[in-house]
*Asks:* 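Quick one: this structure, given as structure tokens, is what I'll be asking you about.
The basis for the numbers below is simple: all heavy atoms, side chains too, and nothing from hydrogens, waters or symmetry mates.
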Amino acid sequence: MSNSRHLQCLLSSLSRCRSLVHLQQIHALASKTGLDADPLVAGKLLLFSAAILPDALDYARRLFYVVPSPDPFMYNTLIRGVSDSDEPPHHTFLLYSRMRRQSVPPDSFTFAFLLKAAANSKFLVLGQQVHSHAVHHGLDAHLFVGTTLVSMYAECGRVASARKAFDDIPQPNVVAWNAIITAHFRVDDVINAERLFDQMPWRNLTSWNVMLAGYTGTGELEAARTLFRSMPQKDPVSWSTMIVGFASHGLFDDAFGFFRQLLREGLRPNEVSLTGVLSACSQAGAFETGKILHGLMEKSGLSTITAVANGLLNVYARCGSIQMACQVFDREMGKKSIVSWTSMIAALAMHGHGDKAIKLFNEMEEHGLKPDGVIFISLLYACSHSGLVEQGYHFFHRMEDVYGIKHSIEHYGCMVDLYGRAGLLDAAYDFVMRMPIEPNAIIWRTLLGACSIHGNVGLAEFVKRKLSELEPRDSGDHVLLSNIYAVAGKWKDVANIRRSMNDESVRKCPGWSSIEVDKVLYMFVANDKYCGVKEEAYGKLMEILSRLRKEGYIPEVTSVLHDIEEEEKEYAIAQHSEKLAVAFGMARMSMGSVITIVKNLRICRDCHMVMKLISKVYKREIVVRDRSRFHSFREGFCSCRDYW
């Protein structure tokens with residue numbers, strides 16, 4: 001066979017290449033026929049390994065370094081591959097330095113890929129160095145380079161520099177306009193983003209989607225809704241942006257509404273829109289809606305997509321059905337990614353199954369998967385919420401000793417929580433003081449939470465002073481210390497904190513609970529105005545509490561954090577949103593159905609006791625997801641074993 005026929009066969013094989021193994025076979029054939037030295041073949045092999053195939057970047061490097069004189073295309077291809085990878089951005093600059101040493105002239109693609117690496121990692125100094133080199137070579141005003149400069153400065157939060165780069169482009173195209181609008185949204189400059197959008201000489205669908213993403217990202221949801229309605233056309237990105245955007249701001253009903261509208265218009269949901277609406281179900285505790293989506297996924301064949309299956313697993317886990325989550329993981333999930341294993345371990349952790357989470361982690365290791373730092377966060381969380389102090393200590397040290405994974409601030413936070421939740425406050429404090437990195441507000445806040453659980457006033461006051469230096473306007477810290485004082489009966493200190501909150505205009509986040517009944521989501525907010533639904537719930541609650549008192553229930557009024565009379569305390573504690581939600585569920589839902597409630601704060605002791613009594617007296621199964629874990633109440637017992 002002639003060389004030209006060999007070349008055609010190789011190029012045809014490359015066009016069908018889908019794996020590194022296949023690429024290696026093609027490379028072997030090229031070497032056998034001597035075509036590996038052909039610049040076209042060498043360039044194609046490099047392109048596939050560096051930029052197209054997954055996990056083939058190391059192979060691309062080996063290919064590159066055996067080429068005697070790489071041309072600009074080869075350098076650009078490898079720089080592109082590195083810029084798209086998780087490698088440090090300066091690795092791209094090292095390749096550029098080698099390029100200069102070998103006197104290979106850079107072009108517009110070289111600088112665009114280098115700038116992309118700086119943008120991906122928000123590495124401003126590297127981006128500025130590349131910018132100066134682009135100026136030196138007279139390529140800074142090139143359309144491709146100029147647009148990437150705008151994006152780089154936008155990612156680094158330098159909108160003035162982004163605007164100057166945009167103004168330096170002689171004839172900016174629609175991509176450049178979209179980039180500068182994004183730059184203004186990055187710094188919450190909605191007015192100038194709108195002004196630029198109005199000034200655009202022409203727009204494409206991406207321009208409209210950029211505005212949608214900017215509005216939803218900055219919380220301008222009504223502006224997003226208005227723009228969405230006026231769009232001349234919509235694509236899957238438009239729908240996904242609205243679904244994810246509204247869900248991320250807690251407007252779950254709106255997110256579900258957009259998804260239903262998408263289906264009514266006969267459109268097929270894509271991976272992003274499905275994962276977005278699944279996320280909304282997870283956050284809202286919309287179990288029935290999640291089951292409907294599960295059926296839709298199976299009919300449309302989307303359940304085989306790993307990211308979608310992970311989203312479904314999270315829905316069941318966060319809606320209280322650990323059995324269904326396990327079923328998705330064990331039977332329905334084809335290929336399991338590290339995210340899949342992490343999600344399942346986190347699900348077991350939330351439900352208090354620390355031993356099962358550890359067992360699953362060991363099973364993952366047996367499958368040959370290498371854990372990452374994220375999965376250790378879930379594992380430490382599992383140990384923390386099950387009181388497995390020794391095991392948590394073991395895994396924390398195993399991270400570095402066995403896997404060489406450097407501890408992040410999140411891992412240190414998990415250890416503080418592990419000690420603090422177990423009542424080992426001295427150990428938690430010592431751990432914080434011995435940390436090799438400066439403790440941030442999250443670390444101190446975790447310790448303050450432990451002080452709240454165990455009523456340690458002295459340590460709480462010290463921790464609050466630390467938090468006041470870092471984040472003085474965080475309402476949660478003020479409320480936590482106020483609660484600690486209230487439980488200790490220090491009403492003067494409670495009054496002082498609340499006065500300072502008023503003086504500084506610090507607002508407390510109101511407690512709320514949600515419940516899904518007949519596929520409709522109902523929200524109960526503490527101290528909210530009465531409406532028909534709340535009146536129904538309160539009436540049913542009074543009936544329930546009356547029966548529970550006959551069974552020996554005595555309200556635990558220490559959960560009321562106000563200096564008022566006992567009778568007023570009993571009334572106040574009856575207003576807690578989770579009690580109203582469970583009463584509403586009992587009024588509206590049939591016997592045998594599980595009452596699932598989502599609460600944004602930690603469930604108080606009195607509500608916890610009431611849930612246990614209801615599950616015993618009324619023979620109802622109740623699941624409550626508070627801000628840190630699940631509580632499954634059955635026959636008078638809770639899955640947390642009163643450890644939360």
Side-chain angles (χ1 to χ4, degrees), residues 3-4 6-121 123 125-127 129-134 136-137 139 142 144-145 148-149 151-152 370 404:
N3 265 6
S4 62
H6 276 304
L7 180 60
Q8 286 178 345
C9 287
L10 277 172
L11 295 177
S12 176
S13 297
L14 275 169
S15 67
R16 299 190 301 272
C17 183
R18 295 291 180 270
S19 69
L20 178 57
V21 172
H22 190 191
L23 187 75
Q24 289 169 327
Q25 292 169 347
I26 295 169
H27 186 197
L29 180 61
S31 299
K32 187 177 178 181
T33 56
L35 286 170
D36 58 328
D38 185 294
L40 177 61
V41 174
K44 288 279 188 182
L45 288 168
L46 188 62
L47 177 65
F48 269 79
S49 54
I52 297 174
L53 297 177
D55 305 319
L57 189 57
D58 287 339
Y59 192 73
R61 275 201 181 86
R62 292 199 294 272
L63 285 172
F64 179 82
Y65 287 126
V66 297
V67 176
S69 302
D71 59 22
F73 173 81
M74 292 180 176
Y75 268 105
N76 291 343
T77 300
L78 190 55
I79 289 171
R80 173 187 171 186
V82 175
S83 72
D84 287 334
S85 73
D86 294 329
E87 292 192 16
H90 70 268
H91 285 191
T92 58
F93 209 75
L94 292 175
L95 281 167
Y96 173 65
S97 299
R98 177 189 174 100
M99 187 179 190
R100 293 179 66 208
R101 286 196 305 272
Q102 293 191 347
S103 301
V104 178
D107 58 21
S108 60
F109 291 100
T110 312
F111 293 116
F113 293 141
L114 287 168
L115 288 166
K116 186 179 180 183
N120 288 345
S121 58
F123 196 158
V125 174
L126 177 61
Q129 288 177 336
V130 175
H131 189 176
S132 66
H133 281 265
H136 175 72
H137 287 273
L139 289 168
H142 185 283
F144 190 26
V145 177
T148 318
L149 272 170
S151 297
M152 184 276 294
K370 185 179 178 182

*Asks:* Taking CZ in F93 as the centre, count heavy atoms belonging to other residues, nucleotides or ligands within less than 6.0 Å. Is the count above 12?
*Replies:*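 It does: F93 CZ has more than 12 such atoms within range.
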*Asks:* Between K116 and D84, is a side-chain contact (heavy atoms from CB on, under 4.5 Å) present by the stated rule, with each step listed?
*Replies:* CA-CA 8 Å; K116 186 179 180 183; D84 287 334; 2.8 Å; yes
*Asks:* Which atom names give the shortest non-hydrogen contact between L126 and H90, and what distance separates them?
*Replies:*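 That closest heavy-atom pairing would be CD2-N, 4.3 Å.
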*Asks:* According to the interplanar angle, ranging from 0 to 90°, do the rings of F144 and F113 count as parallel (below 30°), tilted (30 to 60°) or perpendicular (above 60°)?
*Replies:*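 Rings of F144 and F113: perpendicular, over 60°.
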*Asks:* Check whether any side-chain heavy atom of R62 sits under 4.5 Å from a side-chain heavy atom of D58, and report yes or no.
*Replies:*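 Side-chain contact under 4.5 Å: yes.
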*Asks:* Rounded to the nearest 0.5 Å, how far apart are CG of D71 and CG of N76?
*Replies:*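 So the CG of D71 and the CG of N76 are separated by 8.5 Å.
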*Asks:* Not counting sequence neighbours, which residues clear side chain to side chain donor-acceptor pair (under 3.5 Å) with R61? List them please.
*Replies:*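 Result, side chain to side chain donor-acceptor pair (under 3.5 Å) vs R61: E87.
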*Asks:* Mind checking what makes ring-ring contact (aromatic ring centres under 6.0 Å, His included) contact with H131, not counting sequence neighbours?
*Replies:*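 Partners of H131 under the ring-ring contact (aromatic ring centres under 6.0 Å, His included) test: Y153.
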*Asks:* Check whether any side-chain heavy atom of L20 sits under 4.5 Å from a side-chain heavy atom of D55, and report yes or no.
*Replies:*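 In short, these two side chains do not touch, never coming nearer than 4.5 Å.
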*Asks:* What heavy-atom pair brings Y75 and Q102 nearest, and what distance separates the two atoms?
*Replies:*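 Smallest heavy-atom distance, with atoms named: OH-OE1, 2.7 Å.
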*Asks:* Rounded to the nearest 0.5 Å, what's the gap from CG on L114 to OG1 on T148? Could you check?
*Replies:*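 Between L114 CG and T148 OG1, I get 10.5 Å after rounding to 0.5 Å.
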*Asks:* What's the separation between atom OG in S108 and atom NE2 in H142, rounded to the nearest 0.5 Å?
*Replies:*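 Here the rounded value is 4.0 Å.
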*Asks:* Counting distance only, does the side-chain N/O of N120 pair as donor-acceptor with the main-chain N or O of S83 below 3.5 Å?
*Replies:*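 At least one qualifying donor-acceptor pair exists.
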